[in-house]
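To start, the structure itself, in structure tokens.
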Amino acid sequence: MSVLLIAGSPSDRSRTAALLDATGQRLESRGVQVQRLRVRDLNPQALLLADFGHPSVLAAQELVAQASVLVVATPVYKAAYSGILKVFLDLLPQTALKGKTVLPLATGGSPHHMLALDYALRPVLQSLGAKHILPGIYATDAQVIVTPEGTYKVADDIGNRLDEAVDTLVVENLIQGLSNAGRFKSVPFSEVRCSV
């Protein structure tokens with residue numbers, strides 16, 4: 001199972017990044033190898049001008065293509081996911097998520113915007129062909145706390161939900177991988193031979 005963590009926050013350090021990092025740590029503690037993609041690190045001009053051929057865009061598209069699981073994290077602004085994430089998703093091929101499992105994560109100032117995951121982000125992920133979209137995890141500012149040292153800490157209730165989501169990702173993808181590994185190549189009926 002290959003997992004790509006996509007940070008859709010325009011900020012370098014943020015609650016969204018902390019939520020995504022907490023997910024990545026949980027995956028790594030279960031022996032899953034993760035890669036990280038921060039959309040903010042892509043060439044801004046290439047993003048805004050929809051330069052599909054720019055090296056940073058091509059490299060990001062390749063990371064998405066290689067992953068079997070995506071964890072997409074975004075802050076919620078004005079009841080929608082971030083503009084920088086929208087621009088990136090627009091640069092992906094129409095079937096970029098075909099056959100992939102996606103775990104959406106979001107952070108926002110209050111619980112009033114939690115439906116942005118279902119009404120704004122989920123339809124876009126579905127339109128890109130995602131095979132399975134897990135129930136999203138939304139955390140408010142009060143659930144991703146800034147410590148006195150200036151770092152972020154995920155509250156226990158969100159941590160428990162992340163544990164459940166990561167367990168689901170690991171179990172479902174391992175079972176799928178095992179069932180695919182044990183299958184025989186299908187044989188067309190016209191090639192079946194029988195002796196009596």
Side-chain angles (χ1 to χ4, degrees), residues 1-28 30 32-42 47 56-108 113-140 143-144 152 154 158-159 161-170 172-173:
M1 175 172 68
S2 55
V3 178
L4 178 62
L5 306 178
I6 300 177
S9 176
S11 302
D12 185 29
R13 294 180 64 241
S14 65
R15 285 179 166 85
T16 304
L19 188 62
L20 189 61
D21 287 344
T23 306
Q25 290 166 5
R26 283 165 168 77
L27 284 161
E28 289 171 333
R30 288 165 174 83
V32 176
Q33 185 177 6
V34 300
Q35 289 188 293
R36 290 169 169 79
L37 170 63
R38 295 186 335 162
V39 178
R40 73 181 306 276
D41 291 341
L42 300 180
L47 285 172
S56 70
V57 173
L58 292 172
Q61 289 176 344
E62 184 59 27
L63 286 174
V64 170
Q66 291 173 359
S68 57
V69 174
L70 302 174
V71 181
V72 180
T74 180
V76 174
Y77 299 123
K78 296 180 174 51
Y81 57 97
S82 71
I84 193 170
L85 180 60
K86 170 66 171 152
V87 170
F88 174 67
L89 294 175
D90 286 347
L91 290 175
L92 294 177
Q94 189 60 46
T95 58
L97 304 185
K98 184 176 181 179
K100 300 182 188 304
T101 300
V102 182
L103 171 61
L105 306 175
T107 59
H113 298 295
M114 72 181 349
L115 292 178
L117 281 171
D118 289 329
Y119 291 114
L121 185 57
R122 182 176 291 271
V124 176
L125 299 173
Q126 287 174 324
S127 75
L128 290 169
K131 174 187 78 169
H132 184 51
I133 303 172
L134 295 180
I137 298 175
Y138 179 87
T140 64
Q143 293 172 309
V144 183
Y152 292 98
V154 175
I158 295 297
R161 292 188 60 208
L162 289 176
D163 286 334
E164 290 173 16
V166 166
D167 287 343
T168 300
L169 283 175
V170 171
E172 283 187 9
N173 283 282

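Both backbone and side-chain heavy atoms feed into the values below; hydrogens, waters and symmetry mates do not. The shown structure was predicted, so the numbers you read here are calculated from the model rather than taken from an experiment.
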_Heavy-atom side-chain contact between V34 and V71 under 4.5 Å_ = no
_Sequence-distant partners of K86, side chain to side chain donor-acceptor pair (under 3.5 Å), two or more places apart_ = D90
*Please identify each residue that fulfils side-chain contact (heavy atoms from CB on, under 4.5 Å) with E164, with sequence neighbours left out.*
none
*Output all residues satisfying side chain to side chain donor-acceptor pair (under 3.5 Å) with S11, sequence neighbours left out; order by chain, then residue number.*
none
*Would you list the pairs meeting salt bridge (charged side-chain N to carboxylate O under 4.0 Å, His left out) in which at least one residue belongs to residues 61-75, sequence neighbours left out?*
none
*asked:* What's the separation between atom CZ in R15 and atom CG in L105, rounded to the nearest 0.5 Å?
replied: 15.5 Å
*Excluding sequence neighbours, so at least two apart, what forms side chain to side chain donor-acceptor pair (under 3.5 Å) with D21?*
none
*Check: S2 side chain, Q66 main-chain N or O, donor-acceptor pair, under 3.5 Å*: yes
*Stepwise, does the side-chain contact (heavy atoms from CB on, under 4.5 Å) test hold for L97 with V102?*
CA-CA 8 Å; L97 304 185; V102 182; 4.3 Å; yes
*Considering residues at least two apart in sequence or located in another chain, which fulfil the salt bridge (charged side-chain N to carboxylate O under 4.0 Å, His left out) criterion with R36?*
E28
*Provide the closest heavy-atom pair for V87 versus L47 in the form atom of the first, atom of the second, distance.*
CG1-O, 3.0 Å
*Does any non-hydrogen side-chain atom of L89 lie less than 4.5 Å from one of L121?*
yes
_Side chains of I84 and L42, heavy atoms from C-beta outward: is any pair under 4.5 Å?_
no
*So, does K100 use its side chain to make a donor-acceptor pair with the main chain of A67 at under 3.5 Å?*
yes
*Report the residues that fulfil side-chain contact (heavy atoms from CB on, under 4.5 Å) with Q94, sequence neighbours left out, ordered by chain and then residue number.*
S127
_Any residue meeting side-chain contact (heavy atoms from CB on, under 4.5 Å) with P93, in chain and number order, not counting sequence neighbours_ = Q61, A96
*Contacts of R38 that satisfy side-chain contact (heavy atoms from CB on, under 4.5 Å) - sequence neighbours left out*: A7, D12, R40, D41
*Check: L115 and Y138 side chains under 4.5 Å, non-hydrogen atoms*: no
Listing, residues 76-83 side-chain donor-acceptor contacts under 3.5 Å, not counting sequence neighbours, or none:
unit_1	atom_1	unit_2	atom_2	d
S82	OG	G8	O	2.4
S82	OG	T74	OG1	3.4
S82	OG	L85	N	3.3

*Inter-residue atom distance I6.CD1 - L103.CG, 0.5 Å rounding*: 11.5 Å
_Qualifying residues under salt bridge (charged side-chain N to carboxylate O under 4.0 Å, His left out), relative to R26, sequence neighbours excluded_ = D163
*With distance as the sole test, does T95 use its side chain to make a donor-acceptor pair with the main-chain N or O of K98 at under 3.5 Å?*
no
*Do V64 and L4 come close enough that some side-chain heavy atom pair is under 4.5 Å?*
yes
*Identify the two heavy atoms, one from Q126 and one from I133, that lie closest to each other, and give their separation to 0.1 Å.*
CG-CD1, 3.4 Å
*List for me each residue that meets side chain to side chain donor-acceptor pair (under 3.5 Å) alongside Q33, sequence neighbours excluded, and say none if there are none.*
none
*Find out whether P75 and P10 are in side-chain contact, i.e. whether some heavy atom of one side chain is under 4.5 Å from a heavy atom of the other.*
yes
